[in-house]
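Written out below as structure tokens is the structure these notes cover.
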2 protein chains.
Amino acid sequence: MKSINLIESLRNVDTSSLVDRVEKNLIELFIEKGFKVGDTIPTELELKEAMGVSRTVIREALLRLRMIGLIDSKKRRGAVITSPDLTAVLQKSMNPQMLDDSTLREIFEMRLSLEIGMADFIIQRVTPEDIAELKAIVKSEPKKAKTHLFQIEQEIKFHGKLYDITGNETLKNFQKMLLPIFDYVHQSGILKKQIALKQFVSHAGLIELIEKGSAEKLRNGIRNHLENHFLRIL
Amino acid sequence: MKSINLIESLRNVDTSSLVDRVEKNLIELFIEKGFKVGDTIPTELELKEAMGVSRTVIREALLRLRMIGLIDSKKRRGAVITSPDLTAVLQKSMNPQMLDDSTLREIFEMRLSLEIGMADFIIQRVTPEDIAELKAIVKSEPKKAKTHLFQIEQEIKFHGKLYDITGNETLKNFQKMLLPIFDYVHQSGILKKQIALKQFVSHAGLIELIEKGSAEKLRNGIRNHLENHFLRIL
DNA sequence: TGCCCACATTATGTCATACATAATTCAAGT
DNA sequence: ACTTGAATTATGTATGACATAATGTGGGCA
């Protein structure tokens with residue numbers, strides 16, 4: 001135990017680069033100073049003076065902040081605080097080919113979790129127009145999916161609408177982001193081969209459940225609807 | 001419609017900065033060349049030559065890639081491809097004080113969704129040791145929470161363990177990330193004031209459900225357990 | 001007066017160069 | 001065989017210069 005602590009403390013020699021520290025400092029500074037969205041932050045030159053590092057370092061740190069959407073900078077105007085868009089940040093690293101298999105698989109699972117859990121929000125916030133739209137989507141579905149591709153498109157349309165109904169933008173963005181991954185995993189050899197492809201609760205069935213208005217029933221219905229996916233990972 | 005299209009096309013004058021484009025190019029290059037985790041990418045000088053821009057620009061682009069965890073660079077060795085850690089990316093922008101209220105609220109909802117949806121994975125992967133640990137946690141809970149703070153700590157411990165059981169690292173990391181947000185939202189004035197604080201399914205009750213082995217029952221149990229939170233947003 | 005144009009100003013964007021630093025290689029020396 | 005240390009190399013940091021775009025400003029003109 002003691003030796004572990006020793007190693008731990010040895011590891012803490014602050015291996016972070018100067019830019020790392022400046023970045024951290026900047027964030028702390030903004031919070032401390034109570035900067036709000038829309039406020040302009042000091043210029044690069046001022047920060048350089050204040051922190052005693054080169055403008056290069058300041059710039060690289062600001063670049064990171066800009067990247068995570070914390071600031072937005074324009075020429076002459078300087079940089080202003082913005083509200084970070086979480087999903088935009090992820091988008092870039094969310095490339096299926098760049099992620100390793102286990103991460104991909106975990107993301108696949110997360111998507112399933114999210115969709116089951118959002119039943120309550122659907123029930124609470126669905127409007128008659130939403131239901132009509134869902135029905136229209138189902139109606140446009142072919143009896144027997146002609147092509148695999150078409151089938152997937154239908155899936156995306158229907159489930160996308162479900163996310164839509166929750167009115168949760170962050171959730172929607174996540175869905176948009178997770179979709180390519182989900183599809184990729186679905187088709188790749190990461191999971192077990194698709195076996196039965198039995199038909200469980202259908203889209204039409206889900207609509208019925210939504211109309212009935214019971215969150216619990218809908219929740220379990222969605223779970224059932226996703227059974228084919230679950231069969232492949234459990 | 002036409003005018004909208006016009007505006008759309010006008011907006012597409014490529015307002016992106018040079019660094020933006022280089023970044024994109026680099027990612028495409030890596031994918032195209034089929035770089036795998038562990039491969040070293042060309043040096044900054046080589047990239048500078050190949051792309052015909054200054055090293056500064058290359059560096060800023062690489063900085064971004066490094067930031068999203070796509071590459072990891074060491075002196076002398078150069079930069080190597082790594083598997084991006086999605087959550088590490090988010091961590092920085094996930095500062096409650098930096099996000100606006102509606103986003104915070106949406107994250108709050110997402111966390112609830114996730115937790116309900118993971119019932120299946122818990123049931124599937126729980127071990128006797130896990131259950132013992134859960135019971136130990138519950139045992140250490142005071143009859144009546146002495147302090148609000150202590151109560152929260154207990155919550156975190158128990159629910160953290162639930163995430164743990166799923167064995168899904170990405171999910172766990174998300175939980176870790178969402179926690180501060182969740183807590184912040186919980187205490188801030190964003191949501192309705194906490195009203196009744198009735199006791200629904202308890203932690204002990206959840207353990208029972210886990211032991212019973214029905215994913216559906218557990219799912220609904222978790223939903224019930226979180227009722228206090230739902231009451232505040234619906 | 002009030003509007004408009006040209007110029008100055010200013011802060012970010014890009015470039016080039018130099019040096020610092022750390023990791024690796026490799027050969028000399030014990 | 002092992003260590004030591006210098007050379008090498010790629011990233012890290014610093015600095016100065018110029019480009020570019022947005023804003024501010026003042027003079028000229030109707």
Side-chain angles (χ1 to χ4, degrees), chain A residues 10-27 29-30 33 35 37-82 84 92, chain B residues 10-27 29-30 33 35 37-82 84 92:
Chain A
L10 280 178
R11 276 185 57 82
N12 282 343
V13 281
D14 193 5
T15 170
S16 62
S17 76
L18 186 54
V19 177
D20 288 327
R21 277 168 285 160
V22 169
E23 180 195 357
K24 218 170 167 188
N25 270 356
L26 285 175
I27 292 181
L29 179 76
F30 296 161
K33 291 262 179 183
F35 280 133
V37 172
D39 293 353
T40 68
I41 65 177
T43 70
E44 294 175 355
L45 274 309
E46 285 168 342
L47 291 174
K48 162 193 144 94
E49 293 303 323
M51 297 199 167
V53 295
S54 76
R55 189 180 156 218
T56 310
V57 173
I58 295 286
R59 273 189 62 75
E60 296 201 346
L62 288 180
L63 191 74
R64 294 189 182 180
L65 300 190
R66 182 159 49 255
M67 198 193 159
I68 64 179
L70 204 99
I71 64 174
D72 183 34
S73 50
K74 291 235 171 72
K75 284 180 182 174
R76 158 76 197 192
R77 174 148 182 214
V80 300
I81 302 272
T82 57
K92 279 167 195 155
Chain B
L10 279 178
R11 276 186 57 83
N12 281 343
V13 280
D14 192 5
T15 169
S16 64
S17 75
L18 185 55
V19 177
D20 289 327
R21 277 168 285 161
V22 169
E23 180 196 357
K24 218 170 168 187
N25 270 355
L26 285 175
I27 292 180
L29 178 77
F30 296 160
K33 291 261 180 184
F35 280 133
V37 173
D39 292 353
T40 68
I41 65 176
T43 69
E44 294 176 355
L45 274 308
E46 286 168 341
L47 291 173
K48 162 194 143 93
E49 292 304 322
M51 297 199 164
V53 296
S54 76
R55 190 178 154 220
T56 308
V57 173
I58 295 285
R59 274 190 61 74
E60 297 201 342
L62 288 180
L63 190 76
R64 293 188 182 181
L65 299 191
R66 183 160 47 256
M67 201 193 156
I68 64 179
L70 206 105
I71 65 173
D72 182 35
S73 50
K74 290 232 174 74
K75 284 181 182 173
R76 158 78 195 192
R77 175 151 181 212
V80 300
I81 302 273
T82 57
K92 278 167 195 156

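Lettering follows sequence order; numbering is per chain, from 1. Worth saying up front: this structure is predicted, and the values here are computed from it rather than measured.
Look at CG on Leu18(B): it is 16 Å from P on dA19(D), rounded to the nearest Å. One interatomic measurement links the two molecules: CZ of Arg55(B) to P of dT11(D), which rounds to 7 Å at whole-angstrom precision. Summarising the geometry, the separation between CZ on Arg66(B) and P on dT11(D) is reported as 9 Å, rounded to the nearest angstrom. The nearest whole Å value for the distance from the CG atom in Leu45(B) to the P atom in dT8(D) is 17 Å. Atom-to-atom, CZ of Arg77(A) to P of dA22(D) comes out at 11 Å; the value is rounded to the nearest Å.
For Arg76(B) against dG12(D), a side-chain-to-base donor-acceptor contact under 3.5 Å is absent.
Within the 4.5 Å cutoff, the side chain of Leu62(A) has heavy atoms near those of the Ile41(A) side chain. Between Asp20(B) and Arg64(B), some side-chain heavy-atom pair lies under the 4.5 Å cut-off.
Defined by atom type and a distance below 3.5 Å, a donor-acceptor pair is missing between the side-chain atoms of Arg77(A) and Thr40(A).
For Arg59(B), the salt bridge (charged side-chain N to carboxylate O under 4.0 Å, His left out) partners are Glu60(A), Glu44(B), not counting sequence neighbours.
With values rounded to the nearest 0.5 angstrom, Asp72(A) atom CG is found 6.0 Å from Thr82(A) atom OG1. Met51(B) contributes atom CE, which lies 5.5 Å from atom CG of Leu29(B) (distance to the nearest 0.5 angstrom).
Nucleotides of DNA chain C lying under 4.0 Å from heavy atoms of chain A occupy a range whose first and last members, 5' to 3', are dT9(C) to dT14(C).
Within 4.0 Å (heavy atoms only), Thr56(A) reaches at least one base atom of the nucleic acid.
Between Arg59(B) and dG12(D) there is a side-chain polar atom (N or O) within less than 4.0 angstrom of OP1 or OP2.
Mapping Glu44(A) and Lys48(B) onto DNA chain C by nearest heavy atom places Glu44(A) closer to the 5' end of the strand. Nearer the 5' end of DNA chain D, as judged by each residue's closest nucleotide, is the contact made by Ile41(B), out of Ile41(B) and Val53(A).
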